[in-house]
Amino acid sequence: MKETTTSGPVTHINPQRAMIAVAVEGNGFTIIELIGDEVEIGDALSWTESMPLGGGKVYSNHQRRWLDVYFQNHAVNPDQLRQQLLYE
């Protein structure tokens with residue numbers, strides 16, 4: 001069985017909450033909480049499940065290593081990004 005890979009660029013960052021949005025082609029945005037790592041706008045991230053929730057890992061092509069994360073939500077519409085990234 002072929003392993004699924006989902007990927008996209010980081011498009012939004014809320015550094016106060018360590019929350020990021022990754023644009024997933026054809027599926028809106030994935031909201032991820034970073035655990036102890038930092039990324040930049042434009043960094044390409046990938047993961048091995050289509051819509052995981054909870055703790056997991058993403059691969060940073062820019063940093064060339066796996067990062068610990070917490071998947072918060074998937075298929076988020078652009079008009080929901082501010083709320084999903086926990087801006088106040």
Side-chain angles (χ1 to χ4, degrees):
M1 176 186 273
K2 186 178 178 192
E3 194 170 280
T4 302
T5 300
T6 304
S7 63
V10 175
T11 57
H12 299 79
I13 299 173
N14 179 347
Q16 288 77 25
R17 302 282 188 144
M19 301 288 283
I20 64 171
V22 177
V24 177
E25 187 173 340
N27 201 23
F29 294 88
T30 292
I31 306 301
I32 297 172
E33 180 179 358
L34 298 170
I35 301 174
D37 289 297
E38 293 184 11
V39 297
E40 297 179 8
I41 297 289
D43 284 358
L45 302 180
S46 59
W47 52 95
T48 57
E49 297 179 48
S50 62
M51 298 180 112
L53 290 173
K57 293 189 178 289
V58 298
Y59 187 78
S60 168
N61 291 335
H62 177 74
Q63 297 179 35
R64 295 186 177 142
R65 65 184 183 98
W66 290 94
L67 310 175
D68 291 320
V69 300
Y70 194 89
F71 290 94
Q72 297 283 350
N73 207 346
H74 299 278
V76 173
N77 292 322
D79 60 340
Q80 297 173 321
L81 282 176
R82 186 165 181 79
Q83 176 187 8
Q84 291 287 316
L85 292 171
L86 302 177
Y87 282 108
E88 299 186 312

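From L67, atom CG reaches atom CG of L34 across 7.0 Å, with rounding to the nearest 0.5 Å. Separating the OG1 atom in T5 from the CH2 atom in W47 is a distance of 10.5 Å, to the nearest 0.5 Å. Interatomic distance, L86 CG to E33 CD, rounded to the nearest 0.5 Å: 8.0 Å.
Under the 4.5 Å side-chain heavy-atom criterion for grouping Ile, Leu, Val, Met, Phe, Trp and Tyr, V69 is connected to I41 within one hydrophobic cluster.
Residues passing the side-chain contact (heavy atoms from CB on, under 4.5 Å) test with Y59, sequence neighbours excluded: S46, N61, R64, W66. By the side-chain contact (heavy atoms from CB on, under 4.5 Å) test, A75 is found to be paired with N27, M51, residues two or more places apart in sequence or in another chain being considered. For L53, the side-chain contact (heavy atoms from CB on, under 4.5 Å) partners are H74, not counting sequence neighbours.
For the pair M19 and Q84, the tightest heavy-atom approach, listed with the atom from each and the gap, is CE-O, 3.6 Å. Contact between V76 and I31 at its shortest, heavy atoms only, is CG2-CG1, 3.8 Å. The nearest pair of heavy atoms linking A21 to L81 is CB-CD2, 3.8 Å.
Using modelled atom types, one side-chain atom of Q80 and one backbone atom of N77 make a donor-acceptor pair closer than 3.5 Å. N14 places a side-chain N or O within 3.5 Å of a backbone atom of L85 that can act as its donor or acceptor partner. A donor-acceptor pair is defined here as one N or O able to donate and one able to accept, closer than 3.5 Å; such a pair exists between the side chain of D43 and the backbone of E40. S60 places no side-chain N or O within 3.5 Å of a backbone atom of R65 that could act as its donor or acceptor partner. Q63 contributes no side-chain N or O that, together with a main-chain N or O of V39, makes up a donor-acceptor pair within less than 3.5 Å.
For the pair L45 and T30, the minimum side-chain heavy-atom distance is 4.5 Å or more. Using a 4.5 Å heavy-atom threshold, the side chains of F71 and V58 count as touching. Two residues are said to be in side-chain contact when any heavy atoms from C-beta on lie closer than 4.5 Å; D68 and K57 meet this criterion.
The residue from T11, V22, I20 that alone fulfils the side-chain contact (heavy atoms from CB on, under 4.5 Å) condition with F29 is T11.
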